[in-house]
Structures are given as structure tokens and as C-alpha cells.
There are 2 protein chains.
Amino acid sequence: MNKGQLFQQFVRFTASVHQVTNDMTKEIKIENITNVQYKILEFLTVSQPVTLSEISECLHLSLPNASRELKKLMQSQLCEKIVDPNDRRKYDIRLTENGTALMNEVFQELEFKFQEQIKHLTESELKEIEGAMNILQTKFFA
Amino acid sequence: MNKGQLFQQFVRFTASVHQVTNDMTKEIKIENITNVQYKILEFLTVSQPVTLSEISECLHLSLPNASRELKKLMQSQLCEKIVDPNDRRKYDIRLTENGTALMNEVFQELEFKFQEQIKHLTESELKEIEGAMNILQTKFFA
DNA sequence: TAAAACAATTATCAATTGACAACTAATTAA
DNA sequence: TTAATTAGTTGTCAATTGATAATTGTTTTA
């Protein structure tokens, strides 16, 4: 196996993934929510509950900026924080009911587009895709 | 095959891909180049030559904003445009020699990180990964 | 050939995001 | 129990990015 070629393939592959996911999320416009704020909501959806430091680190935001953006999301009633009883400097941050409902809508729209993309595929192709994602997830993107 | 579950897996998978690629490119800081400008350089590296409209569309930038950012890249001698002789409204945009050299450095660094990630994998695991990327690339991210 | 359409540019203003200093409150270590 | 560390906040300023209107030059089309 030529590892240099594998890297080339990796570059093309990740470029495609970004392209497709960008296109899928492109039109999603939530009122009064900026891009960064949406990223936080997305991160919460997949990983909640999280701390502010985790948001900061995973989204490459400074703590002050993460704090500011989160504040806005809380003012919009989309997130809430729950003080960690063991260490009261920390909070668990999660989506509120409102926030959950909103993200459910968003993900439904995403799923619709996803289903469009795969609707012409056969059962065995779907199995292949499932297997392929599994392999990459466990062997590489761990 | 449960297509709803497949979507869930897709969400987790793309989240992982973004996470890993973000971490890989995180520290890459080129002097006097902003994020958007870097995205343009990256896009050029993979897809050149391109027109401004393609940059605009693929990177979700308005034409005026794409034009502005490209101008800066040209001022920094990283990109150049070559008028399309068949339609003089259009340009082909490509990296200059400088730009190519710069992106080569960047990609070398990326490749180094990539090789770190895969160095503990066996030959057969690498083959699996290659196959998996191939499947997803051709069946889904086409 | 005049009008419409296209590709890109320039200019301008507002909104978002990034960076950093100074701070509070809670916890841990000396 | 004081000092240091940790987690997060507030405020401020600058840089980046987004949006939009007006314009140029080129090509199509009626």
C-alpha cells in the first residue's frame, strides 16, 4: 500500500465530505442565529451535555468568545446550563426543550436531503456504505 | 437496511470527519492569510483552474466578496488569473508558483499528521480504509 | 445592431468573529 | 488558611466576513 497515494485519496475524500455536508446545511437559516451559534447547537445536539471548555476546545473558540455566544443562545432560550454539584465552577450545558425542538426540525430537513441522495441505491449498496462508514469510523476517525 | 439508522450513522460519521480534519488544519496559520482566503487556496489546490463564479458557488461566498478576497490573494502573489480567450468575461484562476510552494508545505504538514494517524495500522487495515473511502466516494459523495 | 444577460469589480456599511485584559467565584495544594 | 489553579464572565477594540447597490466590459439573443 502506497501511503502517499492513500493521503491523496484522503484529501480528495475529505474535500468531498465537506462539499456535500456544506451543501446540505447551506440553506439552513435560523432566525437570529449566527454560524458559530449554529455550530454550538450542532455540537450540543451530538454531544450534550458538554462544558463550556469542551465547546471552546472542540469548536476552536476562545473561552471568552464561547461564553459570549453561549450567552446569546441562552437568552434565546435554546440552551441552558446546569451547575455541576460536584464542582460548582463547571456547568453542564444542554439544549432546552425549545432548542431540542429546533434541532429536530433541522435534522429532519437534513435527513430528507440524505434520503434523497440515497434513494436510488440498492439494498446491497446501502450495506456497503454502512460498512464503509463503520470501517473509517473505527479505524481512522476514532 | 434501516434508513433512519443509516442517517444517524451518517451524522456521527460526518461529525467525526469534521472533527479530525479541523484538528489537523487547526494550527496551520499562514501569515496575512485569513480563514476564507485559506479556504480559497485549498479549493484551488484541489480543483484548479477555476473561475471566480466557481469559487463563489462552492465556498458559498457572494461574487463581490469572493472577488475581494481573491484580489488580496493576488496582491500577495499567491494566485493569478488568466483570461479565457474564448470568453473574456471569465478568468481561469490558479495558484502562482509561490502559492503552489506554500500549499505544498501545508499539505506536507497535513500528510505528516495523516501518516501519524495511520502508522499503527496493518497493511490489511490500510487496504480496508482505501476500499471504504472508495465506496463512499463513488456511491455517496459523488 | 440594440437590448438583455453574464462575469466580475468597486465601494460602502453592518454584523460577526477574534483577541486580549481584567475580573469573579470555586476548588485544590502548600 | 493562604496561595495557586481552574472554570467561566465581562468588556472592549480590531479584523474579518456578509450584504447590497452601482458599475464596467463582454457576449448572446432578438
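Order of the sequence lines sets the chain letters (A, B, ...), proteins ahead of strands, with each chain counted from 1.
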ask   = Tell me, for nucleotides 2-7 of chain C in 5' to 3' order, what letter each nucleotide earns: B for a base near a protein heavy atom under 4.0 Å, S for only sugar-phosphate near one, - for neither?
value = ----BS
key: For atom CD1 of A:Ile40 and atom C1' of C:dT17, their distance in whole Å   = 11 Å
note = Whole-Å distance, A:Glu54 CD to D:dT6 C1', equals 15 Å
request  = Output, in order, the C-alpha distance, side-chain angles, deciding distance and verdict of side chain to side chain contact (heavy atoms under 4.5 Å, CB included) for B:Tyr91 and B:Asp84.
outcome  = CA-CA 5 Å; B:Tyr91 310 129; B:Asp84 179 340; over 6 Å; no
task = Identify whether any heavy atom of B:Lys39 sits under 4.0 Å from a base atom; if not, whether one sits that close to sugar-phosphate; answer base, sugar-phosphate or nothing.
result = nothing
request  = Report the residue (A:His60 or B:Ile93) whose heavy-atom-nearest nucleotide on DNA chain C is the more 5′ of the two.
outcome  = B:Ile93
query = Want to settle it: does A:Pro64 or A:Asn86 sit nearer the 5' end of DNA chain C, counting the closest nucleotide to each?
reply = A:Pro64
query = Would you say B:Glu123's side chain and A:Met1's backbone share a donor-acceptor pair under 3.5 angstrom?
reply = yes
request  = May I have the step-by-step check of side chain to side chain contact (heavy atoms under 4.5 Å, CB included) for A:Leu52 and A:Leu63, ending in yes or no?
outcome  = CA-CA 7 Å; A:Leu52 189 67; A:Leu63 214 43; 4.0 Å; yes
request  = Applying salt bridge (charged side-chain N to carboxylate O under 4.0 Å, His left out), name anything that partners B:Lys113, two or more places apart in sequence or on another chain.
outcome  = B:Glu27
query = Going by an N to O cut-off under 4.0 Å, is there a salt bridge joining A:Arg94 and A:Glu80?
reply = no
key: Of A:Lys29 and A:Leu70, the one whose closest DNA chain D nucleotide lies more 5'   = A:Leu70
request  = Can you check each nucleotide of nucleotides 12-17 of chain D against protein heavy atoms at under 4.0 Å and return B for base, S for sugar-phosphate only, - for none, in 5' to 3' order?
outcome  = B---SB
task = Grab the two heavy atoms, one from A:Phe114 and one from A:Met24, that are nearest each other, plus how far apart they are.
result = N-CE, 3.7 Å
request  = Verify, without hydrogens or angle tests, whether B:Gln77 (side chain) and B:Thr96 (backbone) share a donor-acceptor contact under 3.5 angstrom.
outcome  = no
task = Check whether the side chains of A:Gln9 and A:Gln5 place a donor and an acceptor atom closer than 3.5 Å, and report yes or no.
result = no
